[in-house]
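Just below is one structure, and these are the notes that go with it.
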Amino acid sequence: MAAAMSHWDAVAEYTRDAQDRGCDPLTWAVQLSSTLTAAGAPLPSTELAGVLVSHLCWANNVPLAWKYLDHALSAGLVPPALVLALLSTRVVPRRKSSPVAYRLYLELLRRHAFNFASQIKGPYIKKIMASVDDVLHISQGFGLQPSEPGVLVLGFVFCILWQLLDATIEDEGLQDLIPEKKSFWSTRQDMEIDGEANVEERTEHKEKLHKANTRMAIDLIKQFLHHKVISRLLSLARDNMPIQWGVFTLCLHVLETNSSSLPSGERLQLAADDHKKFGRDCNYGRPEELSTLIASGSLTSSGGHCHGASCSALWIPLDLYLEDCIDMSVAPTNAIEILSGLIKALQVVNEATWHDVFLGLWMASLRLVQRERDPIEGPVPRLDSRLCMLLSITTLSVADVIEEEELALVNEVESTNQWKIKTASRNRRKDLVSSLQVLGDYESLLVPPASVVSAANQAAAKAMMFHSGLTVGSGYMDMINMNDKTVNYSGNMRHLIVEACISRNLLDTSAYYWPGYISGRINQIPHSMPGQVPGWSALMKGAPLTAPMVNALVATPASSLAELEKIFEIAVSGSDDDKISAATILCGASLISGWNVQEYTVRFALNLLSPPPPVDYSGSDSHLLGHGSVLYVVLTGISPVDCVQVFSYHGLVPELAGALMEICEVFGSYAPNILWTLTSGEEITHHAVFSNAFILLLRLWKFNHPPLECCFMGDSAPVGSQLNPEYLLLQRNSRVLDFSNLTNSGKSFRSLSSSANSVSTHPIFVDSFPKLKVWYRQHQACLASTLSGLVHGTPVHQNVDVLLSMMFRKMNKGTNQTVGSATSGTSSLSSSSGPGSEESSHRPKLPAWDIMEAVPFVVDAALTACSHGRLSPRELATGLKDLADFLPASLATIVSYFSAEVTRGIWKPAFMNGTDWPSPAANLSTVEELIKKIVAATGVDVPSLVVGGSSPATLPLPLAAFVSLTITYKLDKASERFLNLAGPALESLAASCPWPSMPIVAALWTQKVKRWSDFLIFSASRTVFHHNNDAVTQLLRSCFTAMLGLSTPVSGSGGVGSLLGHGFGSHFSGGLSPVAPGVLYLRAYRCIKDVMILADEILSLLMSSVKDIALKVLSKERAEKLKKAKYGMRYGQVSLAAAITQVRAAAALGATLVWLSGGSGLVQSLIHEILPSWFLSVPELDLEGASAGMVHMLAGHALAHFAVLGGILAWGIGSSRFSKRRSKVLGDHMEFIASAFDGGISVACNTTLWRSYVVGFLGLMVKCAPSWVLEIDLSVLKRLSWGLKRWNEKDLTLALLRRGGVAAMGTAAEMIILAGE
């Protein structure tokens, strides 16, 4: 150590002597280099850098010493980074007292701070950068891990530039403009401590030098920001060091806007990233025409302005998702969150402006409404559900994305960049305005359905009143007659959309002045208001809830939160009669068509189902018993199919299920005493409240499906098939615990009033409801195995006998035999009357839970007696109907029992001959013809329904019994809420039976209920695909053909209209019309047992479609024309643009169908298993000729979009609850690609296709889902970058590393530096 110290002391002494002698700097450098080389010292030397800087500062601060240092840098004797770091800590703080030294330091920066390539390739780079870190404390100041030289090089650049920026701000006296200034670096002026500095007077020359230094520093800052390599390094800091970058950019802005040395109009900002766009705009390789086309930007989409299978087809996920929501299935998800995530994903994937995104969304939502202006009648969602999606859910999703932008800007303002709000605020809001203005041009989409004309006219009238100077809330709206022929309101769907946006503060009333928004004025305005006009205005002024008032408020939706709060307050605190009236009003038009306040209405209704106990309540019984009448009114009010869908769309199914479970637990524990008598004369009992709650609860999940179905399908099960009480409560607990965070998020549609937020935030579990748990376990056991466990003499056995006696009392009176129970669970016939006397058996006073526990054994005994001929089918149906009338909730257990029994195959078939069982023969052939007509557009063959000869149609006995039960119901309002459970259950039960069970059921029902004939026949048509996988494949093929217009010679035909059509039903001329393949698939896929086959089929069809597109758009004749110079690139661009647009549309269709069919599980299987297997084993696409290479590139392009879009739909583009699963699947797929790069895996597909896929997938991931890259293991990321580099994909390689986060910064920095050579 002593020898080493003496060696460097000698170097210092030699330098002092040379300086004293005035030795030429070049001679000094040559001699010093020779000496160090002879001594074996490594060059560049960190020790020499320390010696020279120490010599210079400050004992030898003379020009010759600076020249020595400059020559040492130029000769490579010392590392520039370390020298500049050492000088920065010494010179910058003394720039006032030593302006010449500062000027020379700036000159050294200009000469040596921009070349890192030679340094980073040097053998001692790690040692050098470690020394730099010791001087500048980069790793400590920036929180970086000094493990890689590239990280420290980046830190060094950022540090030196920031030092320079802080020093310049201080020199210009602007430091006070930076709030809470906390500089990361020491730039403050040191106190003058040496005598020479203290006695030196400030001269005019020195002041000029200070100003010149400031100008030079600003020039250097601009040079840093615009230098190709430096700007790319700084972009890494921007991406991965947001806190530091925010402070840095604030300092830049302060200097830019206030500097007296910066020329006017000049900007201090990072140079625009000159990287090429990635993903869809990547260079996919040869031929050159495709690369040129993509790079030229000719394919930029404009989602809102294109139609058919062109640009607008890229928005097909919106249409498919919206149409899929209009189904009988109830989801525990939030449609608002899903739709907002979907439009954010499509915005980045399609590279669209928010104007186009919003316009595409409005048009898709309007198509949803126009598609079924008069939907079929049955237990299915109708027009109200579609209007809810357009005017409530879509509007709230738009609010979501707008408020996300504005909250981010507010947070940015509150942290650092206060100035950005002036230039970047409300861009999405402005695009919303422009999209709605343009929407007025699409008149055919804006025509309101007949039932909505009045509401649309009222919205237009509101704008007219505003023009007339009237206050809308003054009560005039209650007086205006929307049917007045003297006033041309010309209301349309845009008026309703605008009102929905205004109510959520997305627009203001300036929208009323848009050109063409209204077509006239209200000419006659009443000068005085009548005293009592029933309506919301009168209610707000204190009018009582008289019968006319109640009727008016039930029929008219509330228009504001204040009105809802008023009626909710009455429902909670009013008199008993007023409570019932208020609950009726709340569940009336305000719930189903109060689109502007629907997010509040559903929560108020939910709160009425979960009233908190009074503060002073001390009773032993549940406090819910005192609310029985209100609960009954709410339960019946929200039971219609469309109302349940509204709760589902707003994401309240889990909370609704929790409230219903508590009601069932309480009211099912009491005998059916009368709680209340309504004004209509209807008596409300414990049984009535329980049955309505229980039926509604069971509609929230697939209670009648065997548990093994969900276990078999796992994560790939269709949405809704995994629902059960445990899952619903898990979702409920998760949401209510997070609700306070959502409330504080600042989003207007979640910032509810305290009354709407009063649902308990305590977690609840199935164990909280012991009686419900007992029933649920019994229900599961019934589905899983044959019925057993009935013990003679137990209360359950006694209840079974009582119920059987009640059901078959008429038969018992006419014979000496009764239907009774045996301990085995099967029926027995007894000569004694047992306990079933008329007095004791008729309407037993049993709690509902006791009855529910006995029902499976009751039904089993009755069905067994029927199968043995001891009970006629008519008597069986009548007895089951009596049981269901006595306790309507028992219908659910009847359904689950029959659903389980049809799977066992132990019952003999029932002959539907018209004698014992009803016969479908009268219209079975008609049903067959209608089914064939419905599926005609798919090309699927429908097996014959009409049985030859004299043999009657047959059904499994449990199904026949259930059909016979259901057709005993009258289709009236009282039975509707129970048939809403029985109808879908009957369809599900029949679909699980052999063909043609469902068509037979449809034929039987259409004889009974003509109004449901369309629904039942359509349901029967769906079972064609349930029983035949080849039919499913053909249906999917029809979807691709229709969407892409491949079945017609006209290029560009097809699109959304061909895929989803324009509705169906007998209201069309000529009866039922062929159903579009897309709608048919969306209604059929949930009954497909093995959804795993769908991904394989869709992948195969995608590749087939790409080939068809190539043959159609890139025909041989066009390929020849491309080669001819007279056509040039212009002709090629047209044909290639059309081909690529259609390929992307096909990929978008395929990805959406996979996502909708199997959820995230099927997408996971696609990326994790199916695609890798396909690449390893796929045969050639059977192509030849000049177009083969192009088709392979298009195929890879399609697969990349297919996979990435599928992942985005399933997992989102940012952090989500799927992040853990996503990182695993994505990591494995990246490992697969990396192994192919390494040679560890050999793919079997065409190399052009493989390269197109890999470049496309990674490019799309970088551009559209950069957060995914953060989840990839760093070692895999490096292997991918090395593989891409070998393919000469340098830009994509760098982009991939740049998105790799802090861990990949070092590698990215090194690549940036080396690429800048």
Side-chain angles (χ1 to χ4, degrees), residues 316-317 320-321 323-325 327 329 331-333 338 341-342 345 349 702 705 708-723 727 1022 1025-1026 1029 1031-1033 1035-1037 1039-1040 1078 1080-1103 1105 1146-1175 1178 1198-1213 1216-1229 1232 1253 1257 1265 1268:
I316 190 60
L320 287 172
Y321 172 72
E323 184 63 43
D324 187 58
C325 288
D327 189 78
S329 296
T333 52
I338 294 176
L342 181 57
V349 170
K702 288 189 173 182
H705 285 229
L708 290 178
E709 174 186 317
C710 301
C711 296
F712 173 74
M713 292 189 291
D715 287 334
S716 297
V719 176
S721 63
Q722 297 171 294
L723 299 186
Y727 181 76
R1022 298 195 295 182
F1025 308 99
H1026 183 85
N1029 287 340
V1032 174
T1033 301
L1035 177 58
L1036 284 168
R1037 182 178 291 109
C1039 290
F1040 278 90
L1080 197 55
Y1081 179 80
L1082 292 176
R1083 299 296 177 264
Y1085 76 80
R1086 287 181 173 87
C1087 67
I1088 298 173
K1089 293 181 179 179
D1090 185 9
V1091 298
M1092 297 301 294
I1093 68 169
L1094 296 176
D1096 285 301
E1097 294 296 342
I1098 291 171
L1099 173 60
S1100 176
L1101 289 170
L1102 175 60
M1103 291 296 94
S1105 298
L1149 174 61
T1152 309
L1153 292 179
V1154 169
W1155 171 56
L1156 292 176
S1157 302
S1160 61
L1162 191 57
V1163 174
Q1164 173 181 327
S1165 177
L1166 170 71
I1167 298 175
H1168 191 251
E1169 302 167 5
I1170 296 173
L1171 277 176
S1173 299
W1174 189 87
F1175 284 121
V1178 65
L1199 286 174
H1201 277 261
F1202 177 53
V1204 173
L1205 181 56
I1208 288 176
L1209 294 175
W1211 302 324
I1213 57 178
S1216 70
R1217 60 190 179 95
F1218 297 111
S1219 296
K1220 185 176 181 180
R1221 183 186 304 171
R1222 177 178 68 194
S1223 61
K1224 174 66 171 62
V1225 175
L1226 192 63
D1228 289 345
H1229 196 62
F1232 172 76
Y1253 170 76
F1257 187 99
W1268 292 12

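Treat the numbers as computed from the prediction; the structure is a model and nothing was measured.
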Worksheet item: Do I1098 and F1202 come close enough that some side-chain heavy atom pair is under 4.5 Å?
Response: yes
Worksheet item: Looking at L1162 and A1095, what are the two nearest heavy atoms and their distance?
Response: CD1-CB, 4.0 Å
Worksheet item: Can you tell me how far the NZ atom of K1224 sits from the NE2 atom of H1168, to the nearest 0.5 Å?
Response: 4.0 Å
Worksheet item: Nearest 0.5 Å, what's the CZ-CZ distance between F1025 and R1086?
Response: 15.5 Å
Worksheet item: To the nearest 0.5 Å, what is the distance between OG (S1160) and CG (L1166)?
Response: 12.5 Å
Worksheet item: Quick one: CD1 on I1208 to CG on L342, what's the gap to the nearest 0.5 Å?
Response: 10.5 Å
Worksheet item: Taking C-beta and beyond as the side chain, do W1268 and W1211 meet within less than 4.5 Å on heavy atoms?
Response: yes
Item to complete: Determine, step by step, whether L1035 and L1080 satisfy the side-chain contact (heavy atoms from CB on, under 4.5 Å) criterion, reporting the C-alpha distance in whole Å, the side-chain angles of both residues, the deciding distance to 0.1 Å, and the verdict.
Response: CA-CA 8 Å; L1035 177 58; L1080 197 55; 4.1 Å; yes
Worksheet item: So, the side chain of H1229 versus the backbone of I1167: is there a donor-acceptor pair under 3.5 Å, distance only?
Response: yes
Practice prompt. With the side chain counted from C-beta on, respond yes when W1155 and L320 share a heavy-atom pair under 4.5 Å apart, and no when they do not.
Written response: no
Worksheet item: For the ring pair F1257 and H1201, is the centre-to-centre distance below 6.0 Å?
Response: no
Discussion item. Could you check whether R1083 pairs with D324 (Lys NZ or Arg NE/NH1/NH2 to Asp/Glu carboxylate O, under 4.0 Å)?
Written reply: no
Discussion item. Do L1094 and L1153 make a side-chain contact, defined as non-hydrogen atoms from C-beta onward lying under 4.5 Å apart?
Written reply: no
Worksheet item: Within the distance-only criterion (no hydrogens, no angle test), does the side chain of S1165 pair as donor or acceptor with the backbone N or O of G1161 below 3.5 angstrom?
Response: no
Response to the item:
Scanning both residues in full, the closest heavy-atom pair of A1198 with L1102 reads O-CD2, 4.1 Å
Worksheet entry | Contact summary for V1163 and G1206, nearest pair of heavy atoms | CG1-O, 3.4 Å
Practice prompt. Would you give the length of the straight line joining atom CD1 of I1088 to atom NE2 of H1026, rounded to the nearest 0.5 angstrom?
Written response: 9.5 Å
Discussion item. Do S1157 and V1091 make a side-chain contact, defined as non-hydrogen atoms from C-beta onward lying under 4.5 Å apart?
Written reply: no
Worksheet item: Are side-chain heavy atoms of I1170 and L1099 found at a separation under 4.5 Å?
Response: yes
Discussion item. Would you say that L1209 contacts Y321 through its side chain, given a criterion of any heavy-atom pair below 4.5 Å between the two side chains?
Written reply: no
Discussion item. For F1040 versus A1146, what's the shortest heavy-atom pair and its separation?
Written reply: CE2-O, 3.5 Å
Item to complete: Quick one: closest heavy-atom pair of P317 and L1205, and the distance?
Response: CG-CD2, 4.5 Å
Worksheet item: Is the distance between the ring centroids of Y1253 and F1175 under 6.0 Å?
Response: yes
Discussion item. Main chain of L1101, side chain of S1105: is a donor-acceptor contact present, judged purely on distance under 3.5 Å?
Written reply: yes
Worksheet item: Are V1032 and E1097 side-chain neighbours, meaning at least one heavy-atom pair lies under 4.5 Å?
Response: no
